[in-house]
Number of protein chains: 2
Amino acid sequence: MAELTLEDIAKQVGVSRSTVSRVVNGSPNVSPEVRLQVEEAIRVTGFHPNAAARSLASQRTRVIGLVLPRSVSSFFTDPFFPQLTQGIAVGCNANDLSLSLFLVTNKEDEDKIMPRISRSGMLDGILVQSGRADDPLMDRLTNSRIPCVVLGRPFNHDCFNYIDVDNVKAAYTATKHLIDLGYKRIATITGSHGSTVTLDRIEGYVNALTEAEYIINPSLIAKGEFSETSGYEAMKSLLPHKPDAVFIASDLMASGAIRALQDSGLHVPEDIALVGFDDIPLAALTKIQLTTVRQPIPQIGTKAVELLIDLIENNTQPPRNFILDTELIVRDSCGANLHQKV
Amino acid sequence: MAELTLEDIAKQVGVSRSTVSRVVNGSPNVSPEVRLQVEEAIRVTGFHPNAAARSLASQRTRVIGLVLPRSVSSFFTDPFFPQLTQGIAVGCNANDLSLSLFLVTNKEDEDKIMPRISRSGMLDGILVQSGRADDPLMDRLTNSRIPCVVLGRPFNHDCFNYIDVDNVKAAYTATKHLIDLGYKRIATITGSHGSTVTLDRIEGYVNALTEAEYIINPSLIAKGEFSETSGYEAMKSLLPHKPDAVFIASDLMASGAIRALQDSGLHVPEDIALVGFDDIPLAALTKIQLTTVRQPIPQIGTKAVELLIDLIENNTQPPRNFILDTELIVRDSCGANLHQKV
DNA sequence: AGCATTCTTGGGAGCGCTCTCAATCTGTAA
DNA sequence: TTACAGATTGAGAGCGCTCCCAAGAATGCT
């Protein structure tokens with residue numbers, strides 16, 4: 001059975017291809033009776049318009065891409081990404097869009113994928129996860145003229161539309177919380193080097209300390225890279241410098257840090273207080289429930305889709321951005337509840 | 001700047017559209033000099049053929065879909081899925097395919113997504129994660145004639161091409177391992193009710209016990225649903241029945257189970273031995289390293305893509321399946337190392 | 001009734017590509 | 001020289017849709 005076409009339906013009902021097309025696309029200029037007949041025929045036959053032909057004729061595909069650059073290696077380990085993807089999927093489903101996933105795992109992939117992205121007639125727009133400053137993908141993207149929304153603040157942020165949370169403020173709030181609880185040697189475990197997320201969270205941490213007239217001690221700043229293991233290693237490297245509290249740039253790293261502390265026979269929050277970032281489900285499930293900064297992760301995805309749609313439809317200029325709110329979730333790991341109890 | 005077409009390149013070089021098309025598609029029937037000239041022009045202009053036009057003319061899109069049915073709710077929490085997705089992405093990249101992601105989160109999504117999947121000219125084929133037996137998606141898929149490979153054994157397995165691991169054998173091996181270590185009251189925490197994965201793993205568990213002439217005790221079989229929390233709950237519900245070992249159908253649930261045991265002041269493996277399933281990175285990172293059944297997760301994805309490509313190109317009949325090997329990774333949680341040391 | 005206006009409909013020209021078929025050109029053998 | 005096989009090329013007909021335009025039907029107004 002060959003695939004049905006508009007023409008087939010038209011013949012069946014006894015109208016023209018154009019009329020069927022109008023019905024399919026919800027044009028108002030069709031008489032009610034004819035519309036009903038055509039709709040019935042479509043229902044009975046199970047006709048679906050051919051997407052390729054539609055795209056070719058209308059120059060629109062109703063497909064958007066989600067690009068995860070090579071420099072975003074935590075995709076496979078950090079629960080952040082599945083949640084983000086879910087938010088994006090919800091946005092796509094709500095708007096009758098399809099989502100194309102481009103996972104760049106190495107240089108060759110990148111060379112293969114770029115043409116597929118920029119190849120006209122493939123994608124109406126793309127969502128790109130912000131990675132490292134030196135990621136060559138961003139440059140290549142700027143050169144292609146496809147509508148694009150960046151997830152997380154990109155480096156040259158006036159060239160791109162983007163969605164982000166206020167990482168500086170969030171990190172400030174988290175650190176301030178530790179200061180207010182009376183901790184004196186507050187360390188931080190950062191995210192991957194070279195990303196804006198990481199820089200912003202460090203900035204917030206530094207701001208809070210500076211405001212409280214603490215001295216910024218470089219040996220209390222340990223570099224992680226958003227993985228559990230890196231959190232473990234970073235915490236280990238921090239221990240000789242005797243921090244009494246640590247602000248950690250992701251919950252996944254925080255769980256690594258907790259493991260390191262357990263291995264060293266230290267207790268959270270009695271010996272060292274912790275604050276994480278993200279509020280992934282795990283945060284509420286660990287033995288010591290994690291105080292953390294909640295990001296509205298799925299909403300970031302959904303909002304990004306909406307911004308992209310607006311961009312595609314109205315080609316708005318200049319680039320805009322949306323900053324979503326975060327919220328400090330106080331649980332046990334920061335010692336706030338401990339202090340109350342005492 | 002309007003998008004370039006074959007015709008533009010042809011005009012530039014002074015040949016016909018057909019010749020340029022031949023070069024683009026690597027046809028051998030082009031003289032070396034002309035080929036070089038055309039290639040040069042393509043390089044200089046950065047021309048990319050329009051995907052929609054190609055699809056329309058050739059009836060091939062070079063896009064495959066990954067469908068995650070509503071009944072697969074663990075997508076957002078279980079690290080299994082990002083790893084699987086990575087394997088699929090690698091397979092796609094290697095074969096110049098694009099991957100379209102369809103996350104079904106509710107009934108409305110399903111109704112919206114099905115037409116997008118079956119709509120001709122959109123997808124060359126699809127990969128579907130096997131979910132519950134009563135998932136209506138599978139029926140709808142059987143009716144659509146799009147090439148399809150199922151990830152995990154589907155219920156009516158002679159209707160579908162599928163990739164799976166031998167869950168029965170793997171669960172048997174894991175349980176047998178516990179039997180061999182001398183445990184007497186071996187419990188199990190199962191996966192979500194109604195999926196083949198779950199049934200198969202229970203079957204392997206039962207087989208091993210039966211073979212060893214153990215009595216199958218229903219109160220030692222606790223129902224989980226692949227989430228951390230469900231592992232926690234299931235373990236709690238198991239405790240009154242005093243198991244001395246538990247075979248758990250996923251590592252994520254195992255980490256929930258460990259948490260439950262810690263909360264109850266019990267030690268792994270001294271008080272209760274555990275064996276998990278999957279070998280996600282977490283398994284080697286917990287304080288008590290998890291003995292588990294390793295699945296070659298990314299390979300499942302890559303292999304599935306290869307099978308799908310073969311299906312698309314050769315329309316092979318009847319449906320085939322590939323069963324990949326698993327491997328028991330012995331670490332600390334089963335007590336094997338403990339016994340050795342003693 | 002006569003005319004302007006709006007609604008509804010069909011026809012046609014693409015969108016940019018693939019693919020078949022026929023035309024041309026080259027070189028070789030008779 | 002003529003004929004013919006094989007390589008190379010171009011022309012043309014779609015693929016199934018959208019969208020513009022014009023024709024015809026229906027309505028409203030004076």
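Note that the structure is predicted; figures quoted are calculated from it, not measured. Below, read A as the first sequence line, B as the second, and so on, with proteins coming before strands; counting in each chain starts at 1.
When all heavy atoms of B:G65 and B:L99 are compared, the pair lying nearest together is C-CD1, 4.4 Å.
Here A:I297 contributes atom CD1 and A:T302 contributes atom OG1; the two are 12.0 Å apart, rounded to the nearest 0.5 Å. Separation of atoms OG (B:S130) and CD1 (B:I163) is listed at 12.5 Å; rounding is to 0.5 Å. Atoms CD and CG, from B:Q129 and B:L137 in turn, are 11.5 Å apart once rounded to the nearest 0.5 Å.
Residues meeting the side chain to side chain contact (heavy atoms under 4.5 Å, CB included) test with B:P115, sequence neighbours left out: A:H48. Evaluation of the side chain to side chain contact (heavy atoms under 4.5 Å, CB included) rule for A:E7 yields A:T5, A:R17 as partners, not counting sequence neighbours. Qualifying side chain to side chain contact (heavy atoms under 4.5 Å, CB included) partners for B:L36, counting only residues two or more places apart in sequence or in other chains: B:E39.
Contacts with DNA chain D (heavy atom under 4.0 Å) in residues 29-37 of chain B: B:N29, B:V30, B:S31, B:V34, listed by number.
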- Apply salt bridge (Lys or Arg N to Asp or Glu O under 4.0 Å) to the pair A:D111 and A:R140, showing each step before the final yes or no. CA-CA 10 Å; A:D111 293 338; A:R140 302 176 76 161; 3.2 Å; yes

inquiry  = Under the criterion side chain to side chain contact (heavy atoms under 4.5 Å, CB included), I'd like the reasoning laid out for B:Q295 against B:I300: C-alpha separation, chi angles, the key distance, then a yes or no.
reply    = CA-CA 9 Å; B:Q295 297 200 69; B:I300 295 176; 3.9 Å; yes

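Using a distance-only test at 3.5 Å, with no hydrogens or angles considered, no donor-acceptor pair links the side chain of A:N161 to the main chain of A:V149.
For the helix from C:dA1-D:dT30 to C:dA30-D:dT1, the terminal axes (five pairs an end, C1' atoms, rotation from four pairs onto the next four) enclose an angle of 50°, given to 10 degrees.
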Its contact letters, B for base, S for sugar-phosphate only and - for none at protein heavy atoms under 4.0 Å, make nucleotides 13-19 of chain C read BBBBBBB

